[in-house]
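Take a look at the structure below.
Index from 1, following the sequence.
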Amino acid sequence: MILRIFLLCGVLTSCAESSAQPPGDESAGLPAWSTQVTAPTLDASLPLKELQAYAAPRIPKLLPPQSLAEWESQANTIRTCMLDNTSSK
């Protein structure tokens, strides 16, 4: 019985909201809740910005090598570290 009362209140509220829209509104034929459901909740670029803010401080800075020998040493160190840290256990 309480569930029916809540459902009835919800229907009456949505009917009152949809009839309270000003004339000339482009969504006048839609119920008020449908415009809220279809509206985007987040900005489309927010997840990328959050990922970049989270990952950027955790990525080590690579210094440019001054010679070929330094480059080969650095490449071997990076390769070994990557293989050790990403191998399946």
How close do [X] and [Y] get, heavy atom to heavy atom, and via which atoms?
X	Y	result
Q66	E70	N-OE1, 3.1 Å
L63	Q74	O-NE2, 3.3 Å
P57	A53	CD-O, 3.2 Å

- Query: Is the side chain of S73 donor-acceptor paired with the backbone N or O of A69 at a distance under 3.5 Å, no angle test?
  - Reply: no

- Query: Would M82 end up clustered with I59 when hydrophobic side chains under 4.5 Å apart are linked, directly or stepwise?
  - Reply: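 Different clusters: M82 never reaches I59 through Ile, Leu, Val, Met, Phe, Trp or Tyr contacts under 4.5 Å.
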
- Could you state the interatomic distance from CD1 (I78) to CG (L83), rounded to the nearest 0.5 Å?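 It is 12.0 Å, given to the nearest 0.5 Å.
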
